[in-house]
Structure formats: C-alpha cells, structure tokens
Amino acid sequence: MSTQANVTTADNDPRDTWPDPTDEQLAVIRRILAPRIHQARAERAVEQSAA
C-alpha cells in the first residue's frame with residue numbers, strides 16, 4: 001500500500017469530489033446542533049451579563 005495515494009494537494013482536494021449536502025441532511029444537522037447552539041448562546045449571555 002502506497003502512502004502517495006493519501007497525499008492531498010491543491011489539485012487533488014477531497015472536498016472537490018464530495019457532493020453538496022441535501023436539504024434533508026442539512027435539516028438533520030440543524031436538529032442535532034440547535035439545542036447545543038442555544039445552550040451555548042445562553043451560557044455566553046449569562047457570562048457577559050455577569051462581567
């Protein structure tokens with residue numbers, strides 16, 4: 001097995017070959033992350049108001 005195949009260059013960026021996420025995939029990500037984002041924002045607001 002050659003390690004040469006795993007080398008990423010500007011001409012061979014793996015992100016160029018990945019398809020764009022579907023709307024359904026983005027919706028799942030939003031549902032998973034939304035509660036964590038709201039919690040982090042609330043904690044940050046509390047910290048800023050205490051300072």
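Here, residue 1 is the first one in the sequence, and each next residue gets the next number.
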Practice item. Under the side chain to side chain donor-acceptor pair (under 3.5 Å) rule, collect the residues that match up with Glu43, sequence neighbours excluded. Key: Gln39
Below 3.5 Å, can you tabulate the donor-acceptor pairs from side chains in residues 25-37 to any protein atom, sequence neighbours excluded?
{"from": "Gln25", "atom 1": "OE1", "to": "Thr22", "atom 2": "N", "distance (Å)": "2.8"}
{"from": "Gln25", "atom 1": "OE1", "to": "Thr22", "atom 2": "OG1", "distance (Å)": "3.4"}
{"from": "Arg36", "atom 1": "NH1", "to": "Ile32", "atom 2": "O", "distance (Å)": "2.9"}

Exercise for review: Mind checking side chain to side chain contact (heavy atoms under 4.5 Å, CB included) for Thr17 and listing every partner two or more places apart, or none if nothing turns up?
Suggested key: none
